[in-house]
Amino acid sequence: MRIATWNVNSITARLPRLLAWLESSGTDVLCIQETKTTAEQFPTEELRELGYEAAVNATGRWNGVAVVSRVGLEDIVRGLPGDPGYEGVEEPRAVSATCGPLRVWSVYVPNGREVDHPHYAYKLQWFEALKAAVAGDAAGSRPFAVMGDYNVAPTDDDVFDRAVFEGSTHVTAPERAALTALRETGLSDVIPRPLKYDHPFTYWDYRQLGFPKNRGMRIDLVYGNAPFAKAVTDAYVDREERKGKGASDHAPVVVDLDV
DNA sequence: ATGACTCGTACCACGAGA
């Protein structure tokens with residue numbers, strides 16, 4: 001089985017590339033982030049024509065997540081149980097589903113904006129809620145993974161230049177501690193291979209030739225429990241999808257499983 | 001070549017992204 005996670009930065013703008021990529025890559029289950037659409041505007045029919053069902057949690061111009069599957073889609077949970085909300089609003093940042101032998105979450109962790117911004121506190125609270133929500137499945141015997149845009153680079157090697165991020169979100173100790181706490185529920189970081197260069201970056205800024213200069217970050221992560229990790233046969237970043245006109249600023253992370 | 005931001009919404013910019 002081939003599964004993947006991809007922050008598409010608007011599923012409407014990305015639809016031609018998304019549909020072509022699903023077919024060419026042979027992906028069975030895709031976790032999508034930043035759909036930037038309402039559930040009503042989500043391209044359910046276009047995906048169905050390719051043989052995929054979709055579980056969607058999306059409310060409008062910001063955020064939005066989905067799980068797309070051609071191997072079954074059951075027990076859908078929309079939203080993060082215990083989501084702390086930002087300024088009184090619960091944002092659509094999580095959806096989970098069972099896809100055949102596998103249970104997955106598609107998550108879009110809050111960005112945080114600045115370290116002293118309320119959004120950063122919200123980010124850390126959101127991680128707490130995520131940990132509580134997934135702990136049971138993480139310790140279970142069914143293959144299980146929390147996949148998505150975590151908006152945290154786990155180590156200094158996961159950014160192109162540590163000095164550039166000094167004092168910024170995505171690299172701070174509390175954010176990394178939140179990742180460690182999440183792993184302590186029984187999850188491990190399934191680190192993909194880069195298809196070029198030394199580091200498996202998954203995001204490159206649109207500005208200032210970020211991609212051609214490989215000024216990237218690894219912030220799209222696959223956290224799997226022990227049965228999941230044991231089934232992994234390969235994992236890589238499909239950087240080809242970051243190329244050319246009409247690309248997302250994130251590339252898909254692809255994982256092959258023997259399940 | 002992978003090439004100097006892009007998206008949606010609103011409206012003659014702007015907020016958000018990381």
Side-chain angles (χ1 to χ4, degrees), chain A residues 5-18 21 32-43 56 58-66 86-87 89 91-93 107-124 126-127 148-176 178-179 194-221 236-253:
Chain A
T5 182
W6 189 12
N7 179 324
V8 296
N9 184 16
S10 171
I11 198 166
T12 306
R14 216 64 58 217
L15 192 58
R17 284 184 81 128
L18 172 66
W21 185 80
I32 299 172
Q33 300 85 38
E34 283 208 84
T35 59
K36 290 187 171 178
T37 182
T38 62
E40 292 71 26
Q41 294 163 326
F42 190 89
V56 181
T59 58
R61 70 181 297 192
W62 305 121
N63 315 306
V65 289
Y86 182 65
E87 297 182 333
V89 178
E91 300 174 336
R93 296 181 173 278
V107 298
Y108 179 47
V109 176
N111 173 290
R113 300 182 191 165
E114 310 289 339
V115 173
D116 58 359
H117 195 285
H119 208 256
Y120 179 83
Y122 167 57
K123 182 178 194 174
L124 297 179
W126 202 90
F127 265 120
D149 180 353
Y150 279 68
N151 271 318
V152 181
T155 74
D156 284 354
D157 282 341
D158 295 312
V159 296
F160 67 90
D161 182 351
R162 180 64 182 85
V164 170
F165 294 90
E166 194 66 46
S168 298
T169 61
H170 294 61
V171 298
T172 67
E175 290 168 286
R176 288 176 174 169
L179 289 185
L195 295 185
K196 191 177 180 183
Y197 305 124
D198 297 333
H199 299 289
F201 296 144
T202 65
Y203 161 85
W204 299 261
D205 198 292
Y206 282 127
R207 293 165 290 188
Q208 299 174 306
L209 293 170
F211 183 60
K213 291 181 177 174
N214 199 33
R215 295 164 66 90
M217 307 172 77
R218 184 172 79 94
I219 54 174
D220 299 274
L221 309 177
Y236 63 93
V237 181
D238 189 356
R239 71 189 303 284
E240 294 300 310
E241 199 51 44
R242 180 63 179 79
K243 294 181 179 180
K245 213 171 167 60
S248 171
D249 42 3
H250 296 251
V253 178

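Here the structure is a predicted model, which is why all the values come from computation and not from measurement. Computed from heavy atoms alone, side chains included, the values below leave out hydrogens, waters and symmetry copies.
The side chain of Leu209(A) has dG3(B) as its nearest neighbour among dG3(B), dT2(B), dC7(B).
Distance, Arg239(A) CZ to dG3(B) C1': 13 Å, rounded to whole Å. Per the geometry, CH2 belonging to Trp204(A) stands 18 Å off C1' belonging to dA4(B), to the nearest Å. Between the C1' atom of dA1(B) and the CZ atom of Arg242(A) lies a distance of 15 Å, rounded to the nearest Å. Across the protein-nucleic acid pair, Phe211(A) atom CZ and dT6(B) atom C1' stand 16 Å apart, rounded to whole Å. Across the protein-nucleic acid pair, Lys245(A) atom NZ and dT2(B) atom P stand 14 Å apart, rounded to whole Å.
Counting only distance, with no hydrogens or angles, the side chain of Tyr206(A) and the backbone of Asp249(A) share a donor-acceptor pair below 3.5 Å.
Here, dT2(B) and dC12(B) have their P atoms 38 Å apart, quoted to the whole Å. Rounded to the nearest Å, the gap between the P atom of dC11(B) and that of dA16(B) is 16 Å. Here the separation of dG8(B) from dA4(B), taken at their C1' atoms, is 23 Å to the nearest Å. Taking atom C1' in both dA18(B) and dT6(B), one finds a spacing of 13 Å when rounded to whole Å.
Contact annotation: the side chain of Phe127(A) approaches that of Leu179(A) to within less than 4.5 Å [non-hydrogen atoms, C-beta and beyond]. Side-chain contact between Trp21(A) and Arg14(A) is absent, with no heavy-atom pair separated by less than 4.5 Å.
Ser168(A) comes within contact range of no nucleotide atom at all, as no heavy-atom separation falls under 4.0 Å. Residue Arg215(A) is out of contact with every strand shown, counting any heavy-atom pair closer than 4.0 Å.
A perpendicular orientation is assigned to the rings of Phe160(A) and Phe165(A), their planes being inclined by more than 60° (bins at 30° and 60°).
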- For nucleotides 10-18 of chain B, just jot down a letter per nucleotide in 5' to 3' order: B, S or -, based on protein non-hydrogen atoms under 4.0 Å. -----BSBB

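Not counting sequence neighbours, the partners of His119(A) by the side chain to side chain contact (heavy atoms under 4.5 Å, CB included) test are Tyr86(A), Glu91(A), Arg93(A), Pro110(A), Asn111(A), Arg113(A), His117(A), Tyr122(A). Among residues two or more places apart in sequence or in another chain, the side-chain hydrogen bond (donor to acceptor under 3.5 Å, both in side chains) test is passed with Tyr197(A) by none.
Ranked by how close their nearest DNA chain B nucleotide is to the 5' end, Gly244(A) and Ile11(A) are led by Gly244(A).
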- Message: Run the side chain to side chain donor-acceptor pair (under 3.5 Å) test on Asn9(A) and Glu34(A) for me, step by step, so that the C-alpha distance in whole Å, both residues' side-chain angles and the decisive distance to 0.1 Å come before the verdict.
- Response: CA-CA 5 Å; Asn9(A) 184 16; Glu34(A) 283 208 84; over 6 Å; no

